[in-house]
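First up is the structure itself, then whatever we jot down about it.
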Protein chains: 2
Amino acid sequence: MARKQGSHSDITGPKVREAALRLIARHGYAAVSMRQIAAEVGVQAGALYNYTPDKQSLLFDLMHDHMSALLAAWSNVDTAGPALLRLQAFTGFHIRFHLPRADQVFVSYMELRNLNPENFAVIESLRHRYEDALEDILRAGEAEGVFAVADTRVTTMAVIAMLTGLSNWYRHDGRLETDVIEAIYWDLVRKAVTA
Amino acid sequence: MARKQGSHSDITGPKVREAALRLIARHGYAAVSMRQIAAEVGVQAGALYNYTPDKQSLLFDLMHDHMSALLAAWSNVDTAGPALLRLQAFTGFHIRFHLPRADQVFVSYMELRNLNPENFAVIESLRHRYEDALEDILRAGEAEGVFAVADTRVTTMAVIAMLTGLSNWYRHDGRLETDVIEAIYWDLVRKAVTA
DNA sequence: CATTTAACTGAACGCCTGTTCATTTGCCAA
DNA sequence: TTGGCAAATGAACAGGCGTTCAGTTAAATG
């Protein structure tokens, strides 16, 4: 047999990406084979090459889509107003965007070293743009006099690490709702940077 | 030819572990082959099995040694006195211990999913003990009334993520000396948790 | 209903994987 | 100087890897 009942690229395509994301998040890019991904989808390995030119592109696309979606979503958040409100918006946005996307976050932060140099440069520049969004807010707050940090760039990295680290241990069936988490982290971030 | 000039287990053993650590930190456990490690050491792949029963044990030993060294070093730090001083000691210790060990940190935090279940449980419990050290300090500070955090466990995880994230971007040839970094992070941590 | 086309199979390609082991070599102690 | 042992070699094992492609089948088109 060859083509299966009900098969269609609009169905199989997304399934390939979902399976790849889940498996790579679980076991890592190098540890997951194209045959494993294919088995998860329910096809033979060769069929995957209708949807990606190669394994590397599959990883890159997953990471690129995540970063693009992140930046697109952030661009829809209101960034006017006083720095304190902007920082609160950033903190809340970051948590609400990342918490439901544990697999994407995991892959995007753990598999950087498995990107080839060109792909790495692309992802790195997207990540940099996101970091800069936070850094801009911190600088604005310093200009306003409401923030006081020893080093703006270091603080940017520290805050992002703190927020992103959340994805490594947060469990949706755990003790704390998203709203509560958001409040706790906003408390920490606000106190850490305000004058 | 077989045995090489000057070869000795006291020399080759450490070299195997150093090569494995460097390569795994760079490319990931699954992406590094025993033959690559052997080539780095300057022996054939079979010779590695004089120093490790298998590849999995090699990874586990690297991570176990790192966590053991971390806990041993922490146990030598004075943990008496007021909570604020203890927290400062923890922050400084964490940074000074981790900054010169970028490869170990990378491997210990990125390769957890490549440990088999038994090995994972061991490493996880060591990590937990380290987290608890910080949590104890935070609770002591709350009892003293000098700290005020919304949730102690979440704050513990947030602070550790912030501190550990430093290893992901810090460069020894960069703009900032260790002392400066330490001061910046202490400023952030102190403000975030104090009442 | 006939034809085209998109989707998939299954086998094959050359190469790499972790691990084992008989064999060889070089160092050290007697 | 000679034996014993530690420390390697290098070939082999069975299996998995990413990727390609001629052939087959189901769905879409006219």
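As the structure is a computational prediction, the values presented were derived from the model and not from experiment. Protein chains get the first letters and strands the later ones, always in sequence-line order, with residue 1 at the start of each.
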Which listed nucleotide ([options]) is nearest to the side chain of [X]?
{"X": "B/Ala45", "options": "D/dT9, C/dT19, D/dT19", "answer": "C/dT19"}
{"X": "B/Tyr51", "options": "D/dT19, D/dA8, C/dT19", "answer": "D/dA8"}
{"X": "B/Lys55", "options": "D/dC17, D/dG10, C/dG18", "answer": "C/dG18"}
{"X": "B/Gln44", "options": "D/dG18, D/dT9, D/dC17", "answer": "D/dT9"}
{"X": "A/Asn50", "options": "C/dT19, D/dA8, C/dC8", "answer": "C/dC8"}

Original post:
Any side-chain heavy atom of B/Asp151 within less than 4.5 Å of one from A/Arg175?
Top reply: yes
Subject >> 4.5 Å side-chain heavy-atom contact, B/His98 and B/Leu163 >> reply: no
Subject >> Presence of salt bridge, A/Glu124 and A/Arg127, under 4.0 angstrom >> reply: yes
Original post:
Thinking salt bridges, do A/Glu135 and A/Arg139 make one under a 4.0 Å N-O criterion?
Top reply: yes
Subject >> Criterion side chain to side chain contact (heavy atoms under 4.5 Å, CB included) on A/Thr164 and A/His94, from CA distance to verdict >> reply: CA-CA 8 Å; A/Thr164 305; A/His94 186 99; 3.2 Å; yes
Using whole Å, report how far [atom1] of [X] lies from [atom2] of [N].
{"X": "A/Met34", "N": "D/dG18", "atom1": "CE", "atom2": "P", "result": "7 Å"}
{"X": "A/Ile37", "N": "D/dT19", "atom1": "CD1", "atom2": "P", "result": "10 Å"}
{"X": "B/Leu59", "N": "C/dG18", "atom1": "CG", "atom2": "C1'", "result": "15 Å"}
{"X": "A/Lys15", "N": "C/dA7", "atom1": "NZ", "atom2": "P", "result": "14 Å"}
{"X": "B/Tyr49", "N": "C/dG18", "atom1": "OH", "atom2": "P", "result": "6 Å"}
{"X": "B/Leu48", "N": "C/dT19", "atom1": "CG", "atom2": "C1'", "result": "11 Å"}

Original post:
Can you check whether B/Ser33 has a side-chain N or O nearer than 4.0 Å to OP1 or OP2 of C/dT17?
Top reply: yes
Original post:
Is there a side-chain polar atom (N or O) of B/Thr12 under 4.0 Å from OP1 or OP2 of D/dA7?
Top reply: no
**OP:** Determine whether any donor atom in the side chain of B/Arg35 lies under 3.5 Å from an acceptor atom in the base of C/dG18, or the reverse, and answer yes or no.
**Re:** yes
